[in-house]
Amino acid sequence: MKLYEYEGRELFRRYGIPVADSVVVESVDEARRAAESLPGKVVVKAQVLVAGRGRAGGVKVAETAVQAAELAGRMLGSEIKGEKVEKVLFTAYTEIVKELYLGIIVDRFKKAPQVIASAEGGVEIEELARTSPEHVLKVEVNPLLGLTDYQVRRVVRFMGLDGGLADQAGRILRNLYRLFVEVDCELAEINPLAITPDNKLVAVDSKVIVDENALFRHREFVRPSEGTGLEEEARKLGFTAVELDGDVGIIGNGAGLTMATMDMVKLKGGRPANFLDVGGGAAEDVVEKASRLLLTHPRVKVLFVNILGGITRCDEVARGVVSAYKAVGAGKKIVVRMMGTNEEEGKRILRENGILPYDSMEEAAETAAKLVR
Amino acid sequence: MKLYEYEGRELFRRYGIPVADSVVVESVDEARRAAESLPGKVVVKAQVLVAGRGRAGGVKVAETAVQAAELAGRMLGSEIKGEKVEKVLFTAYTEIVKELYLGIIVDRFKKAPQVIASAEGGVEIEELARTSPEHVLKVEVNPLLGLTDYQVRRVVRFMGLDGGLADQAGRILRNLYRLFVEVDCELAEINPLAITPDNKLVAVDSKVIVDENALFRHREFVRPSEGTGLEEEARKLGFTAVELDGDVGIIGNGAGLTMATMDMVKLKGGRPANFLDVGGGAAEDVVEKASRLLLTHPRVKVLFVNILGGITRCDEVARGVVSAYKAVGAGKKIVVRMMGTNEEEGKRILRENGILPYDSMEEAAETAAKLVR
Amino acid sequence: MAILVDEKTKVLVQGVTGRQGMFHTRSMIKYGTQVVAGVTPGKGGQRVDGVPVYDSVAEAVEKHPEINTSMVMVPAPYAADAVLESLDAGLRLVVVITEHVPVHDAMKFIRYSSYRNAHIVGPNCPGVITPEASKVGIMPGHIFKRGSVGIVSRSGTLTYEIAYAITSSGMGQSTCVGIGGDPVVGLDFIEVLEMFRRDAETEKVVLIGEIGGDLEERAAEYIRKTGYPKPVVGYIAGRTAPPEKRMGHAGAIISLGAGDPDSKVRALNEAGVSVASTPNEVVKLLKAV
Amino acid sequence: MAILVDEKTKVLVQGVTGRQGMFHTRSMIKYGTQVVAGVTPGKGGQRVDGVPVYDSVAEAVEKHPEINTSMVMVPAPYAADAVLESLDAGLRLVVVITEHVPVHDAMKFIRYSSYRNAHIVGPNCPGVITPEASKVGIMPGHIFKRGSVGIVSRSGTLTYEIAYAITSSGMGQSTCVGIGGDPVVGLDFIEVLEMFRRDAETEKVVLIGEIGGDLEERAAEYIRKTGYPKPVVGYIAGRTAPPEKRMGHAGAIISLGAGDPDSKVRALNEAGVSVASTPNEVVKLLKAV
C-alpha cells in the first residue's frame, strides 16, 4: 500500500530522518492559515499517489503565503492524472546544493532487503540503473542480521560523502532501515535526499510502500474503504478487483487463472472490463455478489465466468451466477466455463436456466469476445 | 555486573514485567516517610549483592509502617555477609498462591541464550536442576532469531499454566527476553515469579547481571569507582584485582598466568594475598603503580612478580618493580621471575638493585612461600 | 524419481484442526499421501481423520521421527513461527500454503531455511504434487497423471488448467511445484529447474510465470547460460494487466520498472523457450519440442 | 599437517593501522606469516610494513582473492561488525584477538559463522600458531617449536609458559590454539580436540583450562564418550580463586553453580586425562603418557 507523501514524511520524522517543516491542508481556509505559519518560500505539493505528479503540475513553488494559499486552492479538488487531490502539503522551501538518492526495497530475487544508493538524486532510479548502472549501488541486507555498519560505510562512501555529511547519511540510512523493517515496508525511498548550503542532509520527498499483508501489525495505516468505483466496491465485498476499460466482465478463481482469462479474451479480440478473483472455495453467495457487481456495471456487456473447481464447487458457482443473472442480468449476456468438482451438477443448473456451459476456456473466451462485437 | 534488586525491579517495570509497588530508602528518615506511603504489610529488604541475604536476616516482613521503618533503621549501615547495607527496599507484601521460576542465562556451551523455567520457584535453580532435572526446562534461543512464539508456548506449558495465566506468563517471558537482549544481560531471573490469589503473576525478586563488556552501551549502570579496598584501588588504576586473605602479593601478566601463579604459591605452602593482572604490554609506570599498591597493603609481606614477556618487556617491568620497591618497599620482601622479551636487560636491572631474578616460576613461588613462613 | 515429494514423504500438517487444514488433510490422505501427524497448539490429543494432533512440532517429530515434510496452513500472522518451528525440528521441506504472509516474515524464514539446509515452497502456493505418489498441497489430485513433464508455476488454478490440458492430451507430470504468488518465495524457478535438470524422470518442463518481479527473466538467463538440457515451454499470465495494479497475487504487479509481461516473454524466447499464448498452446508446444 | 593455520594461510588484519595492529602485523611478518592485506575504514591506500591497507574487507578480498583468514584487532565496540564483514566476504577463519567484546555480540557472530561454514577463534584470545609455518596471533613466536603436541587453551601467557616448557624439554608443538578467555568463544575445546584427532601430526594434546563455565567438563565427557585416541594432559588455572569473583578473564568466574576447579579436575581425571598441578608437571606427564 502506497503511503501519501505526508504520511511518509511523518514516518521519517518519527524515525529521526530530517525533513523540512511542513503542514497538510484539506481546505482553502486551512491553506490560508497554514501558509502564514511557514516563513519564506513554500513548496505546494498535491497529495496524490500517481507517479509523475511534478510534470503534471502537482508541485509548485510559492514566493508568498498568499500565493501558496492560492496555489493550494487551485489544486484542492482538481484531478492529477485521474486522481482527485484531497490534501495539499506545504513544506518550507529547501535550498539544494546537490541531490542524492537513498532507498530500500524488497528484492524478490535475493529474497532480502536491498539498499539502493546513488550520488545522483531527483531522477528515476530504475531508469538510472538501466542507463548508468555504475552510478547506482545495490547492497543486499541479510534479513536475519539487519543492516551492518560495514554496509553503511560502503553506501555512504559510494554516495561520495565524508566528514559530517557521512555521519548524517549513516544515521539516516540506519533510521531508514529501521523504518523499513519496523513498518513492514516493500519500499522506503528518499528521493531526493538533498544537501543544503549549510551542509545538512534533508529528505525532500518520501515514497513509502507498506506491505498490505502486514497491515495487521500497523492498524494506523488501514484506510477506510470509501469511494464507489468497481475496485472499492469489490474490496468491500472481500474481492480483489482491478478495473480496465473494456466491456467483457471477468470472474475467475485464482489470480493466475483470472489473468489468463483476461488475456484469452483479449487474444480472441475482446476487451476485458476488469480482473476479479473470487478466490478458492467461493460459495454461492460469494459468486452471486461478484456476478451482481459486474452485471450492474454500466460498461459490462458480457460477463465471462471461468471456474476451475478444486476446493471451489461448480454447483455453488452455477447457483450464484444464475441467481445474480436472474436478478440483475437484464440486457446483459453471460458465458460460463466450468470444470472440476461437481461439474455435472453445475452444468445442469446452468442449462436449466438457459445458460450454455462451456468445457473449453478458449471456446468460452471466443464466444464472450464475439458477443460484444 | 550484578544489579541490586531495586535496579532489576526498575528494569522489570520498564519492560512491562509486573512487580509489587516499592520504594528505596537510604536513611531512617526516608524510611519513616516511605513506610507510610505503602498501605498494609511491607517487606523490608536489604539491598546487597551477596547471595543468601534471606537466611542472613536481610529480608523481613513488617506488619505496620512503624515496624517497617524500625526494621529498615536496623538494617541500614549493618553488614550482611560482609557487605554494608546502604539502601533498603520496601515492597508491598504479595500474597502468594504458588511460586514459579523463570530466568534467562547466557549458556557458554550452547553459545546462546537459554531460557530456564520451572513450576517450582523460590528455590535455587542450579540445585533443583541437579536434584530434579525433570522439573527444570531449558530452551536454547537462537541469538539471530530471538525467542520464538513456539518456544514461549513450550515454556508456559511446562510451567503448568493455562488460560489467563498462560497469557501473562507469555508476555512476561517475551518482555524478559527483550530486557535480556537490550540490556546485554548475562542473567535475567525472576525468582520467585508468584501467582497471587487473584490469578495475577508478579515478579517478587529480581536478579539481573549485566555484561560489563557491554557497559559502553548502558552508561546508566556504570558505577562510580568508590571505596578504598584493594580491588577498588586497583580498578581506579585500570587493573583487575581480587583480594584474598593471604600475605603473598601476586602480580602477573595475563589472567591465566596470574591464576597459575597464585595456585603455585598455594601449592608451595604460601597464601596468596590477591590476584592482580597487569595485562599485556604493561610499561614501567603501570608496573610501578601495581607494585606500590601491593607493597603498601598492610597484609602483604612478600611481593611475587611473575612476568612472561611477549608484548610486555622485561626491562620495563624490572624498572617499575625497582622504582616501587625503593619508594615504598621498606620491610617487605620481593621475588621476581621473568622470561621473554628483553629478559637479560630486565634481570641486569634487578640484580643491580639487589633483587635476585628467577628463571623458574616454580622456584620463585617456592621462595616467596618460604619468605613468609 | 520425481522431485521434492514422493512415496517416502511423511507429512506433518501445521494448522490441522482448522477448517482448511481438516479439509485438505482428508483430501491428501484420500490421494494416498502419508499424513503422519498434525499440530495445533492447545489441541494436542485430538485426531483429524485418524491423524494424531500434537501441541508442538517437537512432540510430533519425537513421536513420529519419520516426518520429513511439513505443510503449513496456519493463519498468516502465525505462519512465520510455524515455519521456524518446523525448521528447528529439523524438517527439510516446508510447504507454506498460507496466503497473506508478511514479506518481511518470509524473507526471514527463507534465509533461515537456507542455513538449516531446508527447502521452503511458498508462501501463498498450492503446494507440490508428484502424481500417483504424494500430494502435499491443496490441488485437486484427480487432474494429474504421472508422466514426464515437470511443471513449475507461480499460480494455482492456472496450473491445474494447464496440468489438466497435459493430462487430457495423454501426457503426464513428473512433479508439479507451485512456487507461490508472493513477491518473495522460497524455491524459485531456477532452483526447481535445477532439480528437474537432475531428475531422470522429467523430460520436459513447463514454466508458468506471471507479471511482477523478474524471476522469469532470471530463469531465462539461467536456462540460456547453463545450456539447459531439457526443453522448456513457457506461459506468462497477465499480458493484459495494467501497470501499478496488483492482480490478486501479492507478487503480480508491474511496478518499480520491473515485471511487465513483454520483457518476460522476450527473455524466455531469447533463451530458446517457446512461450504459449493459451493454456492449450502449452500442450501443442510440448508435443512439438 | 597441523590444524587451522599453515603455510597456505593468507592473512588479512582488521584494525591494521592501530598501535596493536601495526605491532603484531610486523611481528607476524617477521615470523613468516603471509600477511596479505589490512583493513581500516578510512585509511585505505596506506601501507603498514609494506602491507596494503583497504577501506573494507570486500575491497581487500577483491584485490587479494587468496585471503582465507582474518585477524580482528579492532576495538571491542566494532569487533562484531568486523567479524560479520569478514564472514560475509567469504573468509573461513576469523581470529578475534579483541578483548571486552560484549557477549551478546559474540553469540550472534558465532552463530552466524556456523551458518557460513566458517570458524571463529576467540574473542579475547592470543590467536593460533603452527610453529615454523604461520602465526595468526599475538604470541611471542620464538618460544614455539614445531613438533607433535597440540595445545588448546583458554589462556594467553599461561599457554606461552607451558609451550615454552614443552619446547625447552625438547618436544615441540603441532598447533597451539588459544580459544579465548571469554564466557562465549567460537571454537571450543571439543571442536579443537576433534581437529587434533584428525591431524596426523598431532600425537598428544595439552588442554589448558581455567575456572568458570563447564567447557572443561564437556570436553572431558567428549574424551570419555568418544574414547579419544590420543593422550591428553590437562592443566586447570585458578584452583585458589574464590567464588563469585571474576579473575581477569570475563569467563573466569565460579558462579551460578558452575565453574569450580575441582569439578573440572575430577571430570578430566574420570575421562583418563592426567591433570598437572604446575606448568612443569605438564611436561612430565606428557613424557609419561
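Within every chain, numbering begins at 1; the chains are lettered A, B, ... in the order of the sequence lines, protein sequences first and strands thereafter. Computation of the quantities below employed the complete heavy-atom set of this structure, encompassing side-chain atoms and omitting hydrogens, waters and symmetry-equivalent molecules. Treat the numbers as computed from the prediction; the structure is a model and nothing was measured.
- Between chain D and the options B:Asn142, B:Leu187, B:Val106, heavy-atom pairs under 4.5 Å are most frequent for B:Asn142.
- Ion pairing between a basic and an acidic side chain is recognised when a charged N comes within 4.0 Å of a carboxylate O; B:Arg313 and B:Glu345 show no such pairing.
- Between the side chains of D:Lys284 and D:Ser169, no donor N or O sits under 3.5 Å from an acceptor N or O.
- Among B:Ile307, B:Thr240, B:Leu257, the residue making the largest number of heavy-atom pairs under 4.5 Å with chain D is B:Leu257.
- Residue with the most contacts toward chain D among B:Ser360, B:Ala255, B:Gly309, B:Ala241: B:Ala255 (heavy-atom pairs, distance under 4.5 Å).
- Ranked by heavy-atom pairs shorter than 4.5 Å toward chain D, the options B:Arg271, B:Arg217, B:Met264, B:Glu212 are led by B:Arg217.
- Taken to the nearest 0.5 Å, the CG atom of D:Asp105 stands 12.5 Å off from the OH atom of D:Tyr78.
- Nearest heavy atom pair, residue D:Ala82 against residue D:Val74, reads CB-CG2, 4.0 Å.
- One finds the NZ atom of D:Lys264 at 11.5 Å from the CZ atom of D:Arg266 (value rounded to the nearest 0.5 Å).
- Ring centroids of B:Phe216 and D:His100 are separated by 6.0 Å or more, keeping the two rings apart.
- Remark: side-chain polar atoms of B:Asp211 are not paired, donor with acceptor, to backbone N or O of B:Glu186 under 3.5 angstrom.
- For D:Glu99, no part lies under 4.5 angstrom from a heavy atom of chain B.
- Between D:Lys287 and D:Glu281 no salt bridge is recorded (no basic side-chain N to carboxylate O distance below 4.0 Å).
- Using a 4.5 Å cut-off between heavy atoms, B:Asp107 touches chain D through its backbone atoms (N, CA, C, O) alone.
- In this structure, CD1 in B:Ile125 is found 8.5 Å from NZ in B:Lys138, a value given to the nearest 0.5 Å.
- Note on B:Met339, B:Glu124, B:Glu127: by heavy-atom pairs under 4.5 Å with chain D, the leading option is B:Met339.
- In this structure, chain B has a heavy atom under 4.5 Å from the backbone of D:Ile236, while its side chain stays farther away.
- For D:Arg154, the part lying under 4.5 angstrom from a heavy atom of chain B is the side chain only.
- Side-chain atoms of B:Glu233 do not come within 3.5 Å of backbone N or O of B:Gly229 as any donor-acceptor pair.
- For a residue to count as touching a neighbouring chain, one of its non-hydrogen atoms must lie under 4.5 Å from one of that chain's; by this rule D:Glu210 touches chain B with the side chain only.
- Taking chain B as the reference chain and counting heavy-atom pairs below 4.5 Å, the highest number among D:Met139, D:His24, D:His142 is found for D:His24.
- Ranked by heavy-atom pairs under 4.5 Å with chain B, the list D:Gly156, D:Pro126, D:Pro77, D:Pro140 is led by D:Pro77.
- Contacts of D:Arg218 with chain B are made by side-chain atoms alone, with heavy-atom separations under 4.5 Å and no backbone atom involved.
- Both the backbone and the side chain of D:Val103 come within contact range of chain B, each with at least one heavy atom under 4.5 Å from a heavy atom of that chain.
- Heavy-atom distances place no part of B:Leu215 under 4.5 Å from chain D, backbone and side chain included.
- Taking the charged nitrogens against the carboxylate oxygens, D:Lys245 and B:Glu243 have no contact shorter than 4.0 Å, which rules out a salt bridge.
- Per-residue heavy-atom pair counts under 4.5 Å with chain B were compared for D:Arg111, D:Glu244, D:His249, and the maximum is reached by D:Arg111.
- Neither the backbone nor the side chain of B:Phe239 comes within contact range of chain D; no heavy atoms are under 4.5 Å apart.
- Of the listed residues (D:Asn280, D:Thr278, D:Ile110), the greatest number of heavy-atom pairs within a distance under 4.5 Å of chain B belongs to D:Thr278.
- Checking side-chain atoms of D:Thr33 against main-chain N and O of D:Ile29 turns up no donor-acceptor pair under 3.5 Å.
- Contact of B:Leu267 with chain D is made through the side chain alone, with heavy-atom distances under 4.5 Å.
- Heavy-atom distances place no part of B:Lys268 under 4.5 Å from chain D, backbone and side chain included.
- The greatest number of non-hydrogen atom pairs below 4.5 Å with chain D, out of B:Lys266, B:Lys110, B:Met259, is found for B:Met259.
- No salt bridge links D:Arg224 with D:Glu221; every basic N to acidic carboxylate O contact stays at or beyond 4.0 Å.
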